[in-house]
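Notes to accompany the following structure.
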Amino acid sequence: MPRGDRRVLLFPRRRAPRPSDREGLCRFGRQLEDERAAAASGKIDRLLESTPVERWSELAEHPDLRNYGALEYLGRMFADMLARDPRRAHVLAQLGVSLSENLPAGVYPVTTVTQAKVYAWKDLGTALRILSRNQESIEALLTAESAILQHHHGAGAGALIHDLAIIHFSLAVTYQEVQRFTESRELLTSCKAVFREHEDDKRYLLCGFAEGVLLQRLRNYREAREIYLLLFATTKNMETESLAALHHTIGLCCIELGDFAEADDNLAEAIALNRQMGRPIEIMKIELGRGRLLIRQGNHVRAIDHLRPVRRGFLRNSMPEEAGIAGLEIVEAMLVLGRTSEAETLARKIVREFTVARLSSRAITALGYLSEAIATNSAPVTLVTEVREYIVSLRSTPERDFRGKT
Amino acid sequence: MRPPKSRPDPTPHAPEAFYDHYIPLLVDLGTSECGLSRADAQKLAHEVLVVALGSVGRIDNMRAWLTATMRSAARLHQETDAAR
């Protein structure tokens with residue numbers, strides 16, 4: 001891991017309190033409780049609502065925000081805001097960093113000040129990743145890491161090992177975005193062990209999924225399946241949603257490995273679990289996998305019959321990208337069956353759907369290339385697979401260019 | 001597997017009960033399992049509880065979190081000592 005791009009942080013070491021007796025530690029616990037109650041009282045929400053986003057940075061000196069409880073509360077607001085409005089979440093994360101770097105001296109133990117900084121920088125790193133500013137995301141997350149490693153030698157770093165694993169997980173995700181797969185895998189392996197030891201089932205599962213997805217991207221389906229199977233064996237109290245997701249991904253790996261019966265069993269189980277939870281969209285996504293299974297088994301006519309209603313379902317639910325992917329599976333089956341004209345018509349229809357939905361111009365270009373190749377009878381079936389996989393890859397690497405191998 | 005408990009473990013919301021419940025467990029773990037002196041084990045146990053107080057929303061299983069963190073802190077403490 002590169003060490004050169006870490007920033008050095010300064011901590012108020014000398015004046016920090018050390019609640020090393022029962023009374024001191026309990027007083028500190030009550031102080032945090034008071035701060036958390038005050039933060040959750042609604043005054044922070046009102047403060048942010050009444051301040052234009054472009055002036056949030058000025059709140060770094062606000063007395064209601066300059067404490068640990070308020071920083072934790074901002075972290076929860078950030079998590080809620082991130083998916084809805086990542087730019088606003090980014091500004092909030094920047095405010096969090098300013099506040100964490102300027103907590104009043106002598107009020108908190110050194111490790112608590114470090115935790116404040118660590119999570120503020122982590123949120124900033126997360127926001128930057130969502131905004132596709134991956135190098136800056138890495139720098140922010142390495143700053144969070146260095147807060148723990150450079151300023152807490154020995155026992156202090158040991159007490160913050162769970163926090164360090166949380167940072168490493170986030171860093172591993174960003175590394176995947178920039179194709180630094182080896183470093184990502186190393187981090188995932190180490191933080192997964194920490195989460196397991198701490199019985200942090202939720203993060204342990206997330207870590208396992210991230211590791212499996214990474215291996216799937218590298219086409220290492222066998223090892224990915226082993227990782228997923230291990231999650232079954234080692235996770236206690238797995239929620240139905242996670243269980244269904246595991247069956248789904250195992251099913252997809254089995255398709256690629258040619259273990260069709262196992263694939264069918266896992267996909268059927270995933271559908272049954274999602275049916276229990278009333279999640280029709282997830283069921284459609286699994287049915288898409290079943291269509292893929294039929295193609296791999298050589299049942300092309302059945303695959304087309306199976307995938308057409310799946311594709312219509314995605315379109316009905318305003319999911320043109322998924323509909324396009326289902327459509328490309330159908331195109332592939334049609335080409336194998338020699339139904340070239342139908343395949344070309346469908347490919348052009350998908351281009352139009354992507355254009356109307358203003359999806360990635362790169363995806364549209366690749367689809368156009370495919371349509372032309374089909375029209376001139378120069379499209380091998382593998383080109384359809386390449387275009388489909390390329391479109392899926394744009395979700396994680398939107399800047400990637402299409403370079404057809406065939 | 002642990003036997004079922006008659007009442008739930010105290011949370012950091014009640015600091016005194018939290019302290020009284022977990023300090024003996026962590027100090028005992030530090031001395032008997034990790035081989036620390038009693039003074040070092042007490043110091044580390046306090047450090048671990050301070051971090052736990054700052055981590056409330058991130059901990060699913062407090063007992064597992066505390067014991068795993070104590071082991072990690074003890075391990076690094078011993079490594080640091082050995083390097084001196």
Side-chain angles (χ1 to χ4, degrees), chain A residues 16-33 35-37 68-69 71-73 75-76 79 108-116 118-119 148 152-166 193-204 236-237, chain B residues 1-2 9-24 26-27 30 34 36-37 39-84:
Chain A
R18 298 178 63 85
S20 55
D21 58 13
R22 182 179 186 273
E23 192 191 341
L25 194 127
C26 293
R27 197 184 316 118
F28 174 60
R30 282 192 296 275
Q31 176 194 329
L32 287 186
E33 276 305 295
E35 288 179 6
R36 285 167 177 146
Y68 189 83
L71 267 168
E72 275 188 340
Y73 191 77
R76 286 201 294 278
Y108 302 102
V110 176
T111 45
T112 309
V113 175
T114 301
Q115 286 184 296
V118 161
Y119 286 96
I148 296 173
H152 294 276
H153 304 294
L160 294 167
I161 192 165
H162 187 249
D163 300 302
L164 186 61
I166 290 173
V194 174
F195 294 144
R196 189 173 178 200
E197 202 182 355
H198 286 72
E199 295 190 21
D200 185 345
D201 290 345
K202 191 182 76 184
R203 290 191 181 86
Y204 174 74
K236 301 173 200 164
N237 311 318
Chain B
M1 189 184 287
R2 288 196 310 273
D9 285 337
T11 67
H13 301 284
E16 285 82 2
F18 179 67
Y19 181 95
D20 292 340
H21 187 79
Y22 285 118
I23 272 286
L26 297 180
V27 173
C34 306
L36 297 173
S37 69
D40 281 345
Q42 273 182 327
K43 192 176 147 204
L44 287 191
H46 275 94
E47 188 83 37
V48 168
L49 287 185
V50 168
V51 176
L53 288 173
S55 308
V56 170
R58 291 184 285 272
I59 301 175
D60 275 351
N61 180 335
M62 183 58 77
R63 180 181 286 264
W65 188 95
L66 286 171
T67 52
T69 303
M70 183 69 189
R71 283 191 190 99
S72 158
R75 196 165 51 240
L76 282 177
H77 175 81
Q78 286 162 331
E79 284 171 14
T80 310
D81 257 9
R84 277 187 193 134

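A note on names: the letters A, B, ... follow the listed sequences, proteins ahead of strands, and every chain is numbered from 1. Bear in mind that the values here come from a model prediction, so they are computed numbers and not experimental data.
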Side chain, backbone, both or neither: which part of [X] has a non-hydrogen atom closer than 4.5 Å to chain B?
X: A:Glu33; result: side chain
X: A:Arg36; result: side chain
X: A:Glu72; result: side chain
X: A:Arg76; result: neither
X: A:Asp163; result: side chain

Of the non-hydrogen atoms in [X] and [Y], which two are nearest, and what is the gap between them?
X: B:Val48; Y: B:Ala73; answer: CG2-CB, 4.3 Å
X: A:Asp21; Y: B:Tyr19; answer: C-OH, 4.3 Å
X: B:Ala45; Y: B:Ile23; answer: CB-CD1, 3.8 Å

**Study point:** Residues that A:Arg196 engages under side-chain hydrogen bond (donor to acceptor under 3.5 Å, both in side chains), provided they are two or more places apart
**Key:**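 None.
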Review point. Chain A: which of B:Ile59, B:Thr67, B:Val56 shares the most heavy-atom pairs with it under 4.5 Å?
Key: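 The candidate making the most pairs under 4.5 Å is B:Val56.
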Study note, to complete from the structure: When the 4.5 angstrom heavy-atom criterion is applied to B:Asp40 and chain A, the contacting part is neither
**Study point:** A:Tyr119: ring pair (Phe, Tyr, Trp, His ring centres under 6.0 Å) partners, not counting sequence neighbours
**Key:**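 Scan of A:Tyr119 (ring pair (Phe, Tyr, Trp, His ring centres under 6.0 Å), adjacent residues dropped) gives none.
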Review point. More than 12 foreign heavy atoms under 6.0 Å from CD of B:Glu16: is that the case here?
Key: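 Result for CD/B:Glu16: enclosed.
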